[in-house]
Amino acid sequence: MRHDVVVIGAGVQGCAVALRLAQAGKDVLVLERSIPGAEASSAAGGILSPGVEAVEPGPFYALCRASLARYPALARELEALAELPVGFRGGGTLEVALDDDHARLLAGRAERLLRHGMPAEVLDGDAVHRLEPGVSPEARGALFFPDEASVDPRLLSRALYLAAHAAGARFRTGQVLRVVHDGGRAVAVEHEAGRLDADAVVLAAGAWSGLVDGSGLPRGAVRPVRGQIALLDTRPRLLSRVVFSDKGYVVPRADGRVLCGSTMEEVGFEKAVTAGGLHGVLSLAIEIAPGLASAPVLETWSNFRPASPDGWPVLGPSAVPGLFYATGHTRNGILLTPITADAVAAAVLGQPPPIDLSPFTAGRLVARRDS
Ligand SMILES: Cc1cc2nc3c(=O)[nH]c(=O)nc-3n(C[C@H](O)[C@H](O)[C@H](O)COP(=O)(O)OP(=O)(O)OC[C@H]3O[C@@H](n4cnc5c(N)ncnc54)[C@H](O)[C@@H]3O)c2cc1C
């Protein structure tokens, strides 16, 4: 059977692109070897922070800002379509300096950010404690990004799946083995249940994207980088917004749970929570907010960021007609979901993308290696 579009992978990227294409009237089939959203997408912290992640102006910062700007509307849309909240919380994000070295670094960053008109405020220690009384008394000061936010990635993953399904996208379980090329274009995928023909194929297989034969991705374009998370319970709530230090972060949810993250580990696909990893994330969380030391540990987990060499995603048309990418989102796949959905769907539909995608081609990664 022939489909307009086959999407490989049902994480947030695959589901969000499928949602937009189904809404545009396309016959969309999403192929997922496991449970939709079960990998990186539901393991993430859910921080939406261009200011901390993108650091300086340029195409990546612009992409992050364009995606953040779409979040409130996407959250409302998903809550209506899926009849499920996604845990979107505004209130800004804080990057606190807990020692003099980090305070000096932050002061330098603040100067650059403000010079470029990026939305950030410099807070002294007293202002930090007025905003977040649970933060360590050691805090010397902070950068505050007032329009940043967070979302609950487990709820988001589920809502995107439900919304794509409600819009008409179909889902099928099973592994995709390869993208089939014929006459220089992508024409089908070979699924464990057989060949599925399609006018367009979207590769959204997260950290596993490079393992799909015929992906056309340069070697090393997407690799797994493991992250470990510990989930704590605070009652009453200790924190109300995301707080970064120079080593990690804490992400409070509305119900008082706090995610502590995360490691960046090059260990292939070894999905483990380790003593050293937990020690690291818990120590830095307690350093940020000492009250967390008495919080019960509810859960721990790890998963794999789909990491590209420069940390930027790989988006839009590939060098092979009919094959499109929505992968390589590294540490910012939750933040970048709304713009990925709109931009990749536009590319598949042959419409102008909402943002210039040329900095995000897979081709840039070949050029990097040769240079
Ligand atoms: C610990 C951790 C913390 C993070 N924190 C944040 C954060 O705070 N903010 C943020 O913006 N981002 C964060 N991220 C990054 C974010 O989670 C990812 O960038 C994003 O989820 C990637 O989405 P995806 O859909 O590409 O990948 P995934 O969610 O991994 O989905 C890919 C899907 O493809 C399926 N698949 C793979 N191969 C095949 C195949 N051959 N056939 C069929 N199906 C296949 C997989 O089973 C999987 O379901 C974090 C990641 C981790 C690990």
Side-chain angles (χ1 to χ4, degrees), residues 6-18 30-50 52-54 64 67-68 71 93 148-154 156-157 160-161 171-179 189-193 202-215 222 224-231 242 244 248-251 259-265 269 271 273 277 281 300-308 311-315 325-341 344:
V6 161
V7 178
I8 308 172
V12 284
Q13 312 308 339
C15 289
V17 172
V30 186
L31 300 171
E32 168 57 53
R33 57 159 198 211
S34 169
I35 296 166
E39 299 289 357
S41 294
S42 48
I47 302 167
L48 311 175
S49 178
V52 173
E53 291 291 330
C64 292
S67 207
L68 178 66
Y71 245 103
T93 62
E148 297 189 343
S150 67
V151 69
D152 185 330
R154 290 188 188 177
L156 179 74
S157 300
L160 280 167
Y161 162 80
F171 288 77
R172 187 160 171 186
T173 308
Q175 177 106 3
V176 173
L177 306 173
R178 75 186 173 101
V179 178
V189 300
E190 196 181 310
H191 182 249
E192 62 180 53
V202 177
L203 181 63
W208 298 266
S209 295
L211 301 182
V212 177
D213 263 8
S215 75
V222 183
V225 172
R226 186 172 72 189
Q228 302 187 40
I229 299 256
L231 180 67
V242 174
F244 290 88
Y249 53 76
V250 290
V251 187
L259 273 87
C260 309
S262 180
T263 56
M264 293 280 287
E265 299 168 274
F269 287 103
K271 197 187 275 184
V273 174
V281 296
T300 61
W301 63 81
S302 76
N303 213 296
F304 308 105
R305 301 174 186 86
S308 67
W312 295 11
V314 181
L315 298 178
Y325 297 131
T327 188
H329 292 80
T330 317
R331 294 163 56 100
N332 290 294
I334 302 299
L335 168 61
L336 294 174
T337 296
I339 191 72
T340 297
V344 175

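Both ligands and their constituent atoms are indexed starting at 1 by order of listing.
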Any non-hydrogen atom of Pro306 lying under 4.0 Å from ligand 1? yes
N/O separation below 3.5 Å, Ala44 to ligand 1: no
Hey, is Trp301 one of the residues with a heavy atom under 4.0 angstrom from ligand 1? no
What atoms in ligand 1 come closer than 4.0 Å to a heavy atom of Val176? 40 (C), 41 (N), 42 (N), 43 (C)
Got a donor-acceptor contact below 3.5 angstrom from the Ser42 side chain to the Gly37 backbone? yes
So which protein heavy atom does atom 15 (C) of ligand 1 come closest to, and at what separation? Thr330 O, 3.2 Å
Atoms in ligand 1 flagged as close to Asn303, the criterion being non-hydrogen separation under 4.0 Å: 53 (C)
Out of all atoms in ligand 1, which are within 4.0 Å of some heavy atom of Asn332? Include the element for each. 10 (C), 11 (O), 12 (N)
Among Gly9, Ser150, Ser41, Gly333, the residue with a heavy atom nearest to atom 21 (O) of ligand 1 is Ser41
Using modelled atom types only, decide if a donor and an acceptor are shared between the side chain of Glu190 and the backbone of Arg178 within a distance under 3.5 Å. no
I'd like to check which ligand 1 atoms, numbered from 1 as shown, lie under 4.0 Å from a non-hydrogen atom of Ala204. 32 (C), 34 (O)
May I ask you to check whether Leu335 has an N/O atom sitting below 3.5 Å from an N/O atom of ligand 1? yes
Can you list the atoms of ligand 1 that are under 4.0 Å from a heavy atom of Gly227? 1 (C)
Would you mind running through ligand 1 and noting each atom that sits below 4.0 Å from a heavy atom of Leu31? 43 (C), 44 (N)
For Trp208, atoms of ligand 1 separated by under 4.0 Å from a heavy atom: 30 (O), 37 (C), 38 (N)
What pairs with Ala43 under side chain to side chain contact (heavy atoms under 4.5 Å, CB included), at least two apart in sequence or on another chain? Trp301, Asn303
Residue pair Val212, Val179: steps toward the side-chain contact (heavy atoms from CB on, under 4.5 Å) verdict: CA-CA 7 Å; Val212 177; Val179 178; 4.1 Å; yes
Are the side chain of Arg226 and the backbone of Met264 linked by a donor-acceptor contact shorter than 3.5 Å? no
Using a 4.0 Å cutoff against the non-hydrogen atoms of Ser262, which atoms of ligand 1 qualify? 1 (C)
